[in-house]
Asks: 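My questions will all concern the structure given below.
So that the names make sense, note that chain A is the first sequence line, chain B the second, and so on, each numbered from 1. Computation of the quantities below employed the complete heavy-atom set of this structure, encompassing side-chain atoms and omitting hydrogens, waters and symmetry-equivalent molecules. Every value quoted in this text rests on a predicted model; they were computed, and no experiment measured them.
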Amino acid sequence: MKIATWNVNSLKVRLPQVLDWLAQQRPDALCLQELKQEDSAFPMAAITAAGYHAAISGQKTYNGVAILTRNEPTAIERGIGGFEDEQRRLISASVDANFGALRIVCAYMPNGQSIDSDKYQYKLRWLQALTVWLRGELEKYPRLVLLGDYNIAPEDRDVHDPEAWRGQILCSEPERAAFKSLLELGFSDAFRRFEQPEKSFSWWDYRMQGFRRNLGLRIDHILLSQALDGHCKSCSIDKAPRKLERPSDHAPVVAELA
DNA sequence: ATGTCTCAGGGACTGAGA
């Protein structure tokens with residue numbers, strides 16, 4: 001089965017691209033972030049017509065996440081259990097796979113703005129709560145995949161200019177330590193299980209002709225629980241949608257499980 | 001290079017967030 005994650009930076013604007021991508025790629029599951037719309041505005045009819053179910057948790061202007069699946073999702077849950085958060089950043093659902101039920105967790109992790117911002121403190125608290133909560137989720141759902149926009153570049157090789165970014169937001173040591181804490185739950189980074197081109201990124205700033213010059217970061221990830229390790233057959237970044245007119249600033253990340 | 005894109009409020013542009 002094919003699973004993917006894509007920060008679309010407004011589903012209203014990006015809907016035609018999402019529908020095209022679904023038609024071309026036919027993923028079994030697509031996790032979306034930054035819908036930037038309330039649930040009442042979600043384009044359910046178009047998604048249904050494309051052959052997909054949708055579990056959604058939307059919000060006006062900011063945030064908002066969804067899981068689109070070809071098979072009906074079950075046990076849909078919103079947010080991090082035990083963590084009060086008015087921002088709609090996380091949704092979970094289960095789908096059947098040929099190797100057993102798969103638990104999908106779709107996350108839009110906080111950006112943090114800058115390391116001296118109170119949004120940075122919120123980011124670190126959010127990541128801590130996620131890690132605590134996931135420990136229990138992994139017991140309930142051993143075959144669990146955590147996909148989304150992590151807003152963390154885990155290593156220097158995930159950054160176009162590591163020296164310029166050192167200690168900055170998306171790259172700071174506390175953020176990288178939080179990412180490592182996720183790995184210590186038994187997760188592995190699907191992308192790094194395979195040989196990849198150098199300077200592989202998933203996000204490029206709209207400014208400075210960032211995409212054309214490949215001034216990017218790899219901040220969108222697919223983490224696989226230990227029970228899924230042997231099931232992952234490939235993982236790659238699809239840069240094609242980033243080349244379109246009016247693109248999202250992120251590209252989809254895709255993994256194949258069997 | 002405070003550089004681009006998106007949204008809301010209000011009804012043209014500005015500010016916030018990324």
Side-chain angles (χ1 to χ4, degrees), chain A residues 5-21 30-43 46 56-66 79 85-91 106-127 130 147-154 158-172 174-176 178-179 201-221 237-253:
Chain A
T5 179
W6 192 7
N7 179 325
V8 290
N9 185 19
S10 167
L11 184 56
K12 181 183 176 185
V13 173
R14 229 66 67 195
L15 180 62
Q17 294 187 18
V18 170
L19 294 174
D20 285 348
W21 198 80
L30 173 59
C31 295
L32 300 176
Q33 301 89 37
E34 284 207 87
L35 306 184
K36 297 187 174 182
Q37 62 184 5
E38 292 178 307
D39 290 353
S40 59
F42 186 85
I56 61 178
S57 183
Q59 181 180 340
K60 188 165 75 168
T61 316
Y62 308 119
N63 311 311
V65 287
D85 191 5
E86 61 195 23
Q87 303 187 24
R88 298 289 184 254
R89 294 184 172 278
L90 189 136
I91 188 166
C106 166
Y108 173 48
M109 304 191 193
N111 172 286
Q113 197 164 62
S114 68
I115 61 166
D116 56 5
S117 166
D118 52 357
K119 296 184 182 70
Y120 181 72
Q121 297 306 320
Y122 163 72
K123 178 177 194 171
L124 296 180
R125 282 202 315 277
W126 197 98
L127 290 164
L130 173 71
L147 309 85
D149 177 358
Y150 286 58
N151 271 312
I152 300 172
D158 301 312
V159 181
H160 70 92
D161 185 346
E163 294 314 319
W165 281 84
R166 190 161 315 286
Q168 302 298 312
I169 196 67
L170 312 181
C171 300
S172 73
E175 291 165 87
R176 288 180 169 179
F179 188 87
F201 308 124
S202 66
W203 168 84
W204 301 261
D205 200 302
Y206 284 122
R207 296 168 288 189
M208 301 177 289
Q209 301 179 87
F211 182 70
R212 189 183 60 73
R213 299 162 64 198
N214 200 29
L215 306 181
L217 303 180
R218 191 176 70 94
I219 57 175
D220 300 87
H221 308 295
I237 296 167
D238 182 4
K239 288 163 74 171
R242 190 63 176 78
K243 300 172 183 172
L244 301 173
E245 295 272 318
R246 270 194 115 184
S248 168
D249 42 353
H250 295 253
V253 184

Asks: Under 3.5 Å, side chain of A/R218 to main-chain N/O of A/S202, donor-acceptor pair present?
Replies: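 No, because the side chain of A/R218 does not come within donor-acceptor range (under 3.5 Å) of the backbone of A/S202.
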
Asks: In whole Å, what is the span from the CG atom of A/N111 to the P atom of B/dT6?
Replies: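 Those two atoms, CG and P, are 17 Å apart.
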
Asks: Mind checking side chain to side chain contact (heavy atoms under 4.5 Å, CB included) for A/K60 and listing every partner two or more places apart, or none if nothing turns up?
Replies: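 Testing A/K60 for side chain to side chain contact (heavy atoms under 4.5 Å, CB included), a comparison that skips the adjacent residues, returns A/E38.
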
Asks: Is A/R14 close enough to B/dT6 that one of its side-chain N or O atoms is under 4.0 Å from OP1 or OP2 there?
Replies: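 Yes.
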
Asks: How many Å lie between CZ on A/R207 and C1' on B/dG3, as a whole number?
Replies: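 After rounding, the gap between these two atoms is 7 Å.
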
Asks: With sugar-phosphate meaning primed atoms plus P, OP1 and OP2, does A/F211 contact a base, only sugar-phosphate, or nothing at under 4.0 Å between heavy atoms?
Replies: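 Touches nothing.
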
Asks: Starting at atom CG of A/D205, determine the distance to atom P of B/dT2, rounded to an integer number of angstrom.
Replies: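 Rounded to the whole Å, the gap is 12 Å.
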
Asks: Where do N or O atoms of nucleotides 7-11 of chain B meet protein N or O atoms at under 3.5 Å, pair by pair?
Replies:
unit_1 : atom_1 : unit_2 : atom_2 : d
B/dC7  : OP1    : A/S10  : OG     : 2.4

Asks: Rounding to an integer number of angstrom, what distance separates B/dT2 and B/dG17 when you compare their C1' atoms?
Replies: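 About 14 Å, rounded to a whole number of Å.
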
Asks: Once ring pair (Phe, Tyr, Trp, His ring centres under 6.0 Å) is applied, do any residues pair with A/F179, and if so which ones, sequence neighbours excluded?
Replies: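 Ring pair (Phe, Tyr, Trp, His ring centres under 6.0 Å) list for A/F179, sorted by chain: A/Y150, A/H221.
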
Asks: Would you kindly give the NE2-to-P distance between A/H250 and B/dT6, to the nearest whole Å?
Replies: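 Checked: the NE2 to P distance equals 13 Å.
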
Asks: Provide the distance between the two P atoms, one in B/dG15 and one in B/dG3, to the nearest whole Å.
Replies: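 Straight-line distance between the two P atoms is 13 Å.
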
Asks: Could you pick out which residue, A/K119 or A/M208, lies toward the 5' side of DNA chain B when each is mapped onto its nearest nucleotide?
Replies: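 Going by which nucleotide is closer to the 5' end, it is A/M208.
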
Asks: Just how far, in rounded Å, is C1' of B/dG17 from NZ of A/K123?
Replies: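 In whole Å, B/dG17 C1' and A/K123 NZ are 13 Å from each other.
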
Asks: State, without any angle test, whether A/N63 and A/R89 hold a side-chain donor-acceptor pair at a distance under 3.5 Å.
Replies: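 There is such a pair between these side chains.
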
Asks: Between B/dA12 and B/dC7, how many Å separate the two C1' atoms, rounded to a whole number?
Replies: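 Approximately 15 Å lies between the C1' atom of B/dA12 and that of B/dC7.
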
Asks: Name all residues meeting the side chain to side chain contact (heavy atoms under 4.5 Å, CB included) criterion together with A/D205; count only those two or more places apart in sequence or in a different chain, and write none if there are none.
Replies: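 If we apply the side chain to side chain contact (heavy atoms under 4.5 Å, CB included) test to A/D205, skipping adjacent residues, the hits are A/W203, A/R207.
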
Asks: To the nearest angstrom, how far is A/E245 atom CD from B/dT4 atom C1'?
Replies: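 Those two atoms, CD and C1', are 15 Å apart.
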
Asks: Expressed as a whole number of Å, how far does the C1' atom of B/dT14 sit from that of B/dG10?
Replies: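 11 Å, rounded to whole Å.
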
Asks: Over how many whole Å does the gap from A/R212 atom CZ to B/dT4 atom C1' extend?
Replies: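 Checked: the CZ to C1' distance equals 15 Å.
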
Asks: Classify the nucleic acid contact of A/Q209 as base, sugar-phosphate or nothing, counting any heavy atom under 4.0 Å across all strands shown.
Replies: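 It contacts nothing in the nucleic acid.
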
Asks: Name all residues meeting the side chain to side chain contact (heavy atoms under 4.5 Å, CB included) criterion together with A/S10; count only those two or more places apart in sequence or in a different chain, and write none if there are none.
Replies: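 Applying side chain to side chain contact (heavy atoms under 4.5 Å, CB included) to A/S10 gives A/K12, A/V13, A/K36.
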
Asks: Can you list everything that forms a side chain to side chain contact (heavy atoms under 4.5 Å, CB included) with A/E163? Sequence neighbours excluded, please.
Replies: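 So A/E163 forms a side chain to side chain contact (heavy atoms under 4.5 Å, CB included) with A/D161, A/R166.
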
Asks: Would you mind reading off the distance between A/N63 atom CG and B/dA16 atom C1', rounded to a whole angstrom?
Replies: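 Rounded to whole Å, this separation is 13 Å.
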
